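Everything below concerns the one structure shown next.
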Amino acid sequence: MSEKKSFHLNHNYFMELALKEAEKAFAADEVPVGAVLIDQEGNVLSSAFNQTISLHDPTAHAEISALRIAGQKIKNYRFVNTTLYVTVEPCIMCMGAIIHSRVSHVVFGTPDPKWGAAGSLYAFQDDLRLNHQPRITEGICKKKCRQLMVDFFKQKRL
């Protein structure tokens, strides 16, 4: 196995990159979600964090922004053989975009029981009526991802 291929399999490494993006969101007073999209060789195609408040855009979730950035970079709207790392389980909107864009694998940190569409509230990846079913891996750096959300909302309540 090549060094790059084994590097690609290091979910913790890429989730830490997504956590750095989530920390940027936290610092900007946005819900702290970060996302990183990588190709099959382990190259980072894009990274992003939630910016719904600052951009006045309900679609500016980390996942959507990461897909938009990658699309401009590779000049395509399809992301076959890619893995999207996201700190929190994708919502309905984001899972729709993930499925439309053909992301192969979604790795997320902590579940979202109120909005999650990759297993918590809905399991879009299991719906065979859809034309694409991304593979899902959950729980990578779960404690760190969850704690960032807990700390953010605790701070909001103060």
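Predicted model only: the values in this text are computed from it and were never measured.
- Contact between P113 and S120 at its shortest, heavy atoms only, is CA-CB, 4.0 Å.
- Annotation for T82 and V103: closest pair OG1-CA, 3.7 Å, computed over non-hydrogen atoms.
- The side-chain heavy atoms of F108 and T87, taken from C-beta on, include no pair separated by under 4.5 Å.
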Inset, instruction - Show your reasoning for whether side-chain contact (heavy atoms from CB on, under 4.5 Å) applies to L130 and M95. - result: CA-CA 11 Å; L130 299 173; M95 279 301 288; over 6 Å; no
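- E30 places a side-chain N or O within 3.5 Å of a backbone atom of I53 that can act as its donor or acceptor partner.
- Under a cut-off of 6.0 angstrom, the local environment of CZ in R102 is crowded, with over 12 non-hydrogen atoms contributed by other residues, nucleotides or ligands.
- Applying the 6.0 Å contact sphere to NE2 of H132 captures more than 12 heavy atoms from other residues, nucleotides or ligands.
- Residues Q155 and F26 are in side-chain contact: their nearest non-hydrogen atoms beyond the backbone lie under 4.5 Å apart.
- Between the CG atom of D29 and the CG atom of N50 there is a distance of 12.0 Å, given to the nearest 0.5 Å.
- A 6.0 Å sphere centred on CD of Q147 holds more than 12 heavy atoms belonging to other residues, nucleotides or ligands.
- For the atom pair CG (L84) and OG (S104), the distance works out to 11.0 Å, reported to the nearest 0.5 Å.
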Inset, instruction - Dump the intermediate steps for side-chain contact (heavy atoms from CB on, under 4.5 Å) on L17 and E21, then the final yes or no. - result: CA-CA 7 Å; L17 294 179; E21 292 297 315; over 6 Å; no
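- Within the 4.5 Å cutoff, the side chain of I92 has heavy atoms near those of the Y122 side chain.
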